[in-house]
Enquirer: 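Handing you a structure now.
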Amino acid sequence: MDYLRIQGPTKLSGTVTISGAKNAALPLITLALLAHNPLKVTNMPEVADIKTLLKLLQNLGASCTLQDHVLNIDTSTVNHTMANYDIVKTMRASILVLGPLLARFGHCEVSLPGGCAIGQRPIDLHLKAMEAMGATITIHAGYVHAVAPKGLKGAHIIFDKITVTGTANVVMAAALAHGKSVLVNCAKEPEVVQLCEILRDSGIDITGIGTSEITIVGTGGKTIDMVDFEVIPDRIEAGTYLCAGAITNSTITLERVRPDHLDAVTAKLEQMGCRVECSADTMTIHPAAQLKHVDIITQEYPAFPTDMQAQFLALATLAKGASSIDERLFENRFMHVSELQRLGADIKLSGHVATVIGPCELYGADVMATDLRASSALVLAAMAAEGTTNVHRIYHLDRGYENLEQKLRALGAKIERLKE
Ligand code: EPZ
């Protein structure tokens, strides 16, 4: 197993290029299941989760090649409809094949994803929506069996809760259903918006994109002549590098980024005393003379993202005063707190609210990554800590950050990947 050794404190400078968004690319790969033509997708992030999903698509019979961030994918040869446990257990986003497979083939079997480090993360809303569209769902031996022999039919669906992959799954199912679907209380994340825009650009009658109510007229089971596309920049990777500038008291520039997707993150950095300068596709962070405390509540887009919570918790350890971070999306997304405490952070956890008293003096230590974003928070804290930090279990990082240590090293960080 690999781990990262980081020498702190470190100063960064220069420019970093942001990769394509993992969380946009995952549903877009499964979107290809609705296409009858081969697709070329550019700006594909080369991270472990993407490779896992491509393996799943290959198991279904698709042909996929990923090279130099270009994915060529052809799903016309798909002849299996089962997403098995071996893959789904390693990546919950595999559930994104449910809607497309069911809509295209009238049946599929997808392993239940099981537990997860950041919370319970049920898929009940995905399943309820498929039932509302006429599917019969049974759960047997750890698998969801979904059947709709005559195809799915359009429905009026009100999501009880806003769900990102739930919205994506149901939008994809509705695109091939018979008749019109009206989806209410949808996720408005840029990743969902891009999925809808590709369907629109491919000729699907879809309105309400980027709002909480999406209306789609399905093709009645016919696969789609889909356009090629480029994956949007990763707003969470970008936010993480903005935090890297802020926590190391450095000015750095991000290229190939969508500043408008980061408004809530930028607002919090500015409240903390940083200055963020933006052009159409670049962002430069100028650090604060002294970071100020901040109050954050994680919510659905366009509010502050839960996927930036851990990184801001790391940042808040250097801010003067009491910061409060209220995690509203996932009940267990504070596993990094005890690891940050090992580095010297003064954090009190009460239910879903973490209170950080700063500025703390951070010292290097051995710490363990517990999930993807928790891992990046530890790397950030390590760059601000005095001495050597070893971040273990970085396979979590590799799931979603492309070349993190190369990118940080190019900015001047003292970071190396070693074997346990
Ligand atoms: C997506 O997960 C992201 N994953 C997550 O990114 C992100 O943290 C999350 O959205 C919230 O922004 C991908 O895009 C692949 P949800 P998702 O369904 O879609 C509850 C990362 O670090 N819920 O929007 O699985 C759920 O438990 C990650 O890159 C139900 O109750 O999240 C949670 O409390 C991790 N029933 C809330 O809704 C359901 O059927 C939001 O979850 C579905 C969800």
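What you see below is based on every heavy atom in this structure, not just the backbone, and it leaves out hydrogens, waters and symmetry mates. We count ligands from 1, going down the list as the structure has it; atoms in each ligand are counted the same way.
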Enquirer: State if Met91 counts as touching ligand 1 under the rule of any non-hydrogen atom under 4.0 Å.
Expert: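 Outside the 4.0 Å threshold, so no.
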Enquirer: Would you please determine whether Asp160 falls within less than 4.0 Å of ligand 1 on a heavy-atom basis?
Expert: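 For ligand 1, residue contact (heavy atoms, under 4.0 Å) with Asp160 is absent.
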Enquirer: Could you see which bit of Tyr301 sits under 4.0 Å from ligand 1, with heavy atoms only: side chain, backbone, both or neither?
Expert: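 It is neither; nothing of Tyr301 touches ligand 1.
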Enquirer: Nearest to atom 35 (C) of ligand 1 by heavy atom, Lys22, Arg333, Glu191, Glu189: which?
Expert: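 Considering heavy atoms of Lys22, Arg333, Glu191, Glu189, the nearest to atom 35 (C) of ligand 1 sits in Arg333.
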Enquirer: Are Met91 and Arg399 close enough that some pair of their side-chain heavy atoms sits under 4.5 Å apart?
Expert: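 Met91 reaches Arg399 side chain to side chain.
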Enquirer: For atom 5 (C) of ligand 1, tell me which residue out of Asp307, Ile236, Thr163, Asp371 has the closest non-hydrogen atom.
Expert: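 Closest candidate by heavy-atom distance is Asp307.
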Enquirer: Please identify each residue that fulfils side chain to side chain contact (heavy atoms under 4.5 Å, CB included) with Asp326, with sequence neighbours left out.
Expert: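 Applying side chain to side chain contact (heavy atoms under 4.5 Å, CB included) to Asp326 gives Ile297, Arg328, His352, Val353.
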Enquirer: About how many Å separate CE of Met172 and CG of Leu101, when rounded to the nearest 0.5 Å?
Expert: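 These two atoms lie 9.5 Å from each other.
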Enquirer: Residues two or more places apart in sequence or in another chain: which of them pass salt bridge (Lys or Arg N to Asp or Glu O under 4.0 Å) with Asp2?
Expert: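 For Asp2, the residues satisfying salt bridge (Lys or Arg N to Asp or Glu O under 4.0 Å) (neighbours in sequence not counted) are Arg417, Lys419.
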Enquirer: When rounded to the nearest 0.5 angstrom, what distance separates CD1 in Ile216 from CG in Leu176?
Expert: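 Between Ile216 CD1 and Leu176 CG, I get 10.5 Å after rounding to 0.5 Å.
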Enquirer: Which protein non-hydrogen atom lies closest to atom 24 (O) of ligand 1, naming both residue and atom, and how far is it?
Expert: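 It is Val164 N, 2.7 Å.
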Enquirer: Would you call the rings of His145 and His140 parallel, tilted or perpendicular, taking 30° and 60° as the class edges?
Expert: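 His145 and His140: tilted rings.
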Enquirer: Give me the one residue out of Glu237, Glu402, Glu230 that meets salt bridge (charged side-chain N to carboxylate O under 4.0 Å, His left out) with Arg256.
Expert: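 Only one of Glu237, Glu402, Glu230 forms a salt bridge (charged side-chain N to carboxylate O under 4.0 Å, His left out) with Arg256, namely Glu230.
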Enquirer: Counting heavy atoms only, name the option from Asp124, Leu329, Val192 that's nearest to atom 33 (C) of ligand 1.
Expert: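 Heavy atom nearest to atom 33 (C) of ligand 1 belongs to Leu329.
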Enquirer: Near Leu372, which atoms of ligand 1 are under 4.0 Å from a heavy atom of that residue?
Expert: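 This gives 22 (O), 29 (O) as the contact atoms.
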Enquirer: Which bit of Arg121 is near ligand 1, meaning a heavy atom under 4.0 Å away: side chain, backbone, both or neither?
Expert: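 Both backbone and side chain.
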Enquirer: Just to check, does Gln120 reach to within less than 4.0 Å of ligand 1 when the distance is taken from its heavy atoms?
Expert: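 No, Gln120 has no heavy atom closer than 4.0 Å to ligand 1.
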Enquirer: Considering only non-hydrogen protein atoms, determine which one is nearest to atom 4 (N) of ligand 1 and report residue, atom name and distance to 0.1 Å.
Expert: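 Result: Asn23 ND2, 3.7 Å.
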Enquirer: Considering only protein heavy atoms, which is closest to atom 17 (P) of ligand 1, and at what distance to one decimal place?
Expert: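 Answer, as residue, atom name and distance: Thr165 OG1, 3.6 Å.
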Enquirer: Strictly by modelled atom types, are Thr15 and Glu255 linked by a side-chain donor-acceptor pair under 3.5 Å?
Expert: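 Checked: Thr15/Glu255 side chains show no N/O donor-acceptor pair below 3.5 Å.
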Enquirer: Any atoms of ligand 1 less than 4.0 Å from a non-hydrogen atom of Thr306? List them with their elements.
Expert: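 In order of numbering, the contacting atoms are 8 (O), 11 (C), 12 (O).
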Enquirer: Carefully, step by step, assess Thr165 and Arg92 under the rule side chain to side chain contact (heavy atoms under 4.5 Å, CB included).
Expert: CA-CA 10 Å; Thr165 50; Arg92 304 180 58 79; over 6 Å; no
Enquirer: Which atoms from ligand 1 have a heavy atom of His126 less than 4.0 Å away?
Expert: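 Going through ligand 1 atom by atom, the ones under 4.0 Å from His126 are 40 (O).
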Enquirer: Could you identify the single nearest non-hydrogen protein atom to atom 38 (O) of ligand 1 and state the distance to 0.1 Å?
Expert: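 The answer is Lys161 CD, 3.8 Å.
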Enquirer: Would you check the N or O atoms of Phe330, main chain and side chain alike, for any that come under 3.5 Å of an N or O of ligand 1?
Expert: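 It does not: no N or O of Phe330 is found under 3.5 Å from an N or O of ligand 1.
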Enquirer: Does atom OH of Tyr143 have more than 12 heavy-atom neighbours from other groups under 6.0 Å away?
Expert: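 Buried by this count: over 12 neighbours within 6.0 Å.
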Enquirer: What is the distance from atom OG1 of Thr167 to atom CD of Glu191, rounded to the nearest 0.5 Å?
Expert: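 So the OG1 of Thr167 and the CD of Glu191 are separated by 11.5 Å.
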Enquirer: Of the listed options (Gly166, Ala129, Pro122), which comes nearest to atom 44 (C) of ligand 1 when hydrogens are ignored and any heavy atom counts?
Expert: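 Result: the heavy atom closest to atom 44 (C) of ligand 1 is in Pro122.
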Enquirer: Identify, for atom 40 (O) of ligand 1, the protein heavy atom at the shortest distance, and state residue, atom and that distance.
Expert: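 Ranked first by proximity to atom 40 (O) of ligand 1 is Leu125 N, 2.8 Å.
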Enquirer: Could you tell me the residue and atom name of the protein heavy atom closest to atom 22 (O) of ligand 1, and the distance to it rounded to 0.1 Å?
Expert: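 Here the nearest protein heavy atom works out to Arg373 NE, 2.9 Å.
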Enquirer: Does Leu31 reach the side chain of Ile224, with side-chain heavy atoms less than 4.5 Å apart?
Expert: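 The answer is no, as the side chains (C-beta and beyond) never meet within the 4.5 Å cut-off.
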